[in-house]
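Written out below as structure tokens is the structure these notes cover.
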Amino acid sequence: MRLHAGRSAIALAGAVATAVLVGSGAGVATAQPNEPAFAPQSIVWPTQNDGYLLGGVQCGTAPCPAAVKATHDGGKTWTTAGRTHNGLAMSGEPGLTSLQFADQKFGWAYDPFLEVTRDGGKTWTQVPVPGSDAKVLNLLASSDGTYVVTSGCAIGTGICDDRPLKVWRAPAGKSTGWKQLDLAVGAYDHVTWAAEGSTVYALTAGFNGPGRLSTLRNGTVRSTSTVSCADPDDAAITDLATNGPNRLFVLCMANYGRGHSDKTLLVSGDGGKTFRYDAIPGGLGLAGQLAVAPDGAVMLSTLTASLVYNRPTLSKAWRVDQTWLENSEHIHDLVFQSGSTAWLVERDAAYTPDTKLWVTRDAGQSWQQATVVPA
């Protein structure tokens with residue numbers, strides 16, 4: 001299962017600056033010449049062959065209508081699976097921004113609203129936010145169920161009255177039966193998720209300082225431990241990933257500001273009990289999203305410097321290709337499809353129809369702009 005971080009993790013660094021990535025090449029192709037243009041917004045790969053794209057159609061209007069495209073041949077061809085009820089959301093406005101699928105059929109579109117599909121994106125059902133809260137901040141779709149973080153603060157507002165956030169779980173394949181979890185999340189905290197089989201990891205952290213790693217099964221917290229970055233007091237935890245049983249990766253940054261940060265990758269082979277600290281060379285960029293392939297290849301995106309750092313499988317050396325990058329736009333939804341293939345999205349479709357989909361098929365040595373070829 002290929003999972004990516006939700007917007008709350010991105011917002012940690014996004015409060016400081018906006019991520020960037022621009023490249024040359026033709027725009028994303030429409031499904032048919034007479035169909036409205038499709039602007040990619042969020043991508044997810046529940047399997048190596050099955051991928052889904054949430055995007056905008058006829059963007060430039062407000063709100064931007066949303067549709068979901070699907071591929072079942074590893075991205076060679078795409079078809080329009082269906083349309084969601086809600087359009088894409090600008091910051092602080094109603095709608096949707098992100099996509100998650102637990103398998104080839106069951107998935108969610110969310111943030112701040114919530115919709116579910118049980119047929120691979122063909123039909124969508126609006127789902128009330130659990131607990132009658134106002135908005136969904138983050139979501140994990142896994143074989144252990146669906147986990148969401150919600151806020152009671154109205155859409156368009158940030159933190160209100162220091163009101164704590166809530167964490168909920170629905171059983172696998174269900175959109176009802178939500179139960180609030182015994183997981184404390186402060187008003188200023190963010191939660192990042194990772195899942196491996198029936199084990200779910202939740203890492204709760206503030207803007208700096210240590211985080212709390214909780215291991216869950218069936219919505220029950222089995223264990224909790226403290227995760228500290230190399231600079232435990234001043235560093236910020238930005239993301240969490242897993243690629244196998246008890247294999248955890250945590251991304252930290254310290255001394256951040258003016259487009260620079262000291263980035264560190266924490267690696268655990270015992271479910272988060274102990275970590276190895278790997279410094280990431282290069283100070284450009286604020287640490288953003290983290291993605292880890294099944295074979296151990298690692299990638300991370302940055303904000304403000306438009307960089308994607310990558311470390312190949314079995315390598316200790318980090319590399320970054322700056323030849324295709326410029327400082328201008330937001331990059332997000334960094335996700336592995338396989339050990340050598342990863343994808344990301346440039347810009348936000350709610351703001352512009354000129355978003356771009358990028359793919360690397362050589363573990364980050366080179367990136368190409370992808371076209372959504374009709375089946």
Side-chain angles (χ1 to χ4, degrees), residues 1-10 12-13 19 42-48 98-102 138-144 147 149 190-205 211-216 225 227 229 235-253 263-280 286-303 308-315 318 331-344 360 363-364:
M1 180 183 298
R2 314 292 182 258
L3 301 174
H4 59 77
R7 301 292 174 189
S8 66
I10 302 172
L12 174 67
S42 182
I43 186 169
V44 65
W45 292 89
T47 74
Q48 290 190 15
S98 299
L99 196 66
Q100 285 264 346
F101 271 74
N138 205 351
L139 180 147
L140 172 74
S142 75
S143 59
D144 187 56
Y147 291 78
V149 181
H190 66 279
V191 181
T192 52
W193 298 99
E196 171 59 37
S198 60
T199 301
V200 170
Y201 300 98
L203 182 53
T204 304
R212 300 182 305 278
L213 177 66
S214 300
T215 303
L216 303 99
S225 59
V227 177
C229 298
I237 294 172
T238 68
D239 209 358
L240 170 72
T242 182
N243 73 334
N246 295 318
R247 293 280 296 172
L248 284 176
F249 301 78
V250 176
L251 181 61
C252 295
M253 67 174 176
K263 293 168 282 292
T264 305
L265 181 68
L266 280 59
V267 182
S268 174
D270 56 13
K273 296 177 182 178
T274 60
F275 284 93
R276 182 184 78 242
Y277 293 72
D278 295 342
I280 301 171
L286 305 182
Q289 291 179 294
L290 175 67
V292 183
D295 62 2
V298 180
M299 290 188 185
L300 66 98
S301 61
T302 65
L303 291 87
V308 179
Y309 291 78
N310 68 85
R311 188 178 68 185
T313 306
L314 303 179
S315 175
W318 290 86
I331 56 172
H332 52 92
D333 283 67
L334 175 65
V335 59
F336 271 103
Q337 176 188 356
S338 65
S340 59
T341 302
W343 302 71
L344 57 76
T360 176

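- Rounding to the nearest 0.5 angstrom, the gap separating the OG atom in Ser301 from the CG atom in Leu286 is 11.0 Å.
- The line from CG of Asp333 to CG of Leu344 is 8.5 Å long, rounded to the nearest 0.5 Å.
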Next item on the list: Take Val267 and Arg247 through the side-chain contact (heavy atoms from CB on, under 4.5 Å) test and state the conclusion after the steps.
Entry: CA-CA 7 Å; Val267 182; Arg247 293 280 296 172; 4.1 Å; yes
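- For the atom pair OG1 of Thr264 and CD1 of Ile280, the computed distance is 6.5 Å after rounding to the nearest 0.5 Å.
- Between Ser143 and Ser198, the shortest heavy-atom contact is OG-N, 4.0 Å.
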Next item on the list: Kindly indicate, with the supporting measurements, whether the criterion side-chain contact (heavy atoms from CB on, under 4.5 Å) is fulfilled by Val298 and Leu290.
Entry: CA-CA 8 Å; Val298 180; Leu290 175 67; 3.8 Å; yes
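- With a 4.5 Å cut-off on side-chain heavy atoms, Ile331 and Val308 count as touching.
- Here the side chain of Ser225 pairs no donor or acceptor atom with the backbone of Lys273 at under 3.5 angstrom.
- When atom types are taken as modelled, the side chain of Ser268 and the backbone of Thr274 share a donor-acceptor pair closer than 3.5 angstrom.
- Minimum interatomic distance between Ala241 and Val292 (heavy atoms only, all atoms of both residues): CB-CG2, 3.8 Å.
- Residues Asp239 and Thr192 have side chains that never bring a donor and an acceptor to within less than 3.5 angstrom of each other.
- Expressed to the nearest 0.5 Å, how far CG of Leu216 lies from CG of Leu140 amounts to 10.0 Å.
- Looking at Thr242, its side chain never comes within 3.5 Å of a backbone N or O of Ala194 through a donor-acceptor pair.
- Residues Val335 and Val44 have side chains not in contact (no heavy-atom distance under 4.5 Å, counting atoms from C-beta outward).
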Margin query: Under the criterion side-chain contact (heavy atoms from CB on, under 4.5 Å), I'd like the reasoning laid out for Trp318 against Leu300: C-alpha separation, chi angles, the key distance, then a yes or no.
Written below: CA-CA 11 Å; Trp318 290 86; Leu300 66 98; 3.9 Å; yes
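- The shortest distance between side-chain heavy atoms of Phe249 and Leu251 does not fall below 4.5 Å.
- Across all their heavy atoms, Cys252 and Leu266 have their closest contact at SG-CD1, 3.8 Å.
- Between the side chain of Asn138 and the main chain of Val191, a donor-acceptor pair closer than 3.5 Å is present.
- Although no hydrogens or angles enter the test, the distance criterion places no donor-acceptor pair under 3.5 Å between the side chain of Gln337 and the main chain of Ala342.
- For Ala293, the side-chain contact (heavy atoms from CB on, under 4.5 Å) partners are Asp295, Ala297, Phe336, not counting sequence neighbours.
- We find the CH2-OG1 distance between Trp45 and Thr341 to be 8.5 Å, quoted to the nearest 0.5 Å.
- Of all heavy-atom pairs between Ser142 and Val200, the closest is OG-CG2, 3.8 Å.
- With hydrogens and angles disregarded, no donor-acceptor distance shorter than 3.5 Å links the side chain of Ser340 to the backbone of Ala363.
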Next item on the list: Show your reasoning for whether side-chain contact (heavy atoms from CB on, under 4.5 Å) applies to Met299 and Thr360.
Entry: CA-CA 11 Å; Met299 290 188 185; Thr360 176; 3.7 Å; yes
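- One finds the CG atom of Leu265 at 10.0 Å from the CZ atom of Phe275 (value rounded to the nearest 0.5 Å).
- For the pair Cys229 and Ala235, the tightest heavy-atom approach, listed with the atom from each and the gap, is CB-CB, 3.5 Å.
- Checked by atom type and distance alone, the side chain of His190 pairs as donor or acceptor with a backbone atom of Ile237 at under 3.5 Å.
- When the salt bridge (charged side-chain N to carboxylate O under 4.0 Å, His left out) test is applied to Arg212, the partners found at least two apart in sequence or on another chain are Asp189.
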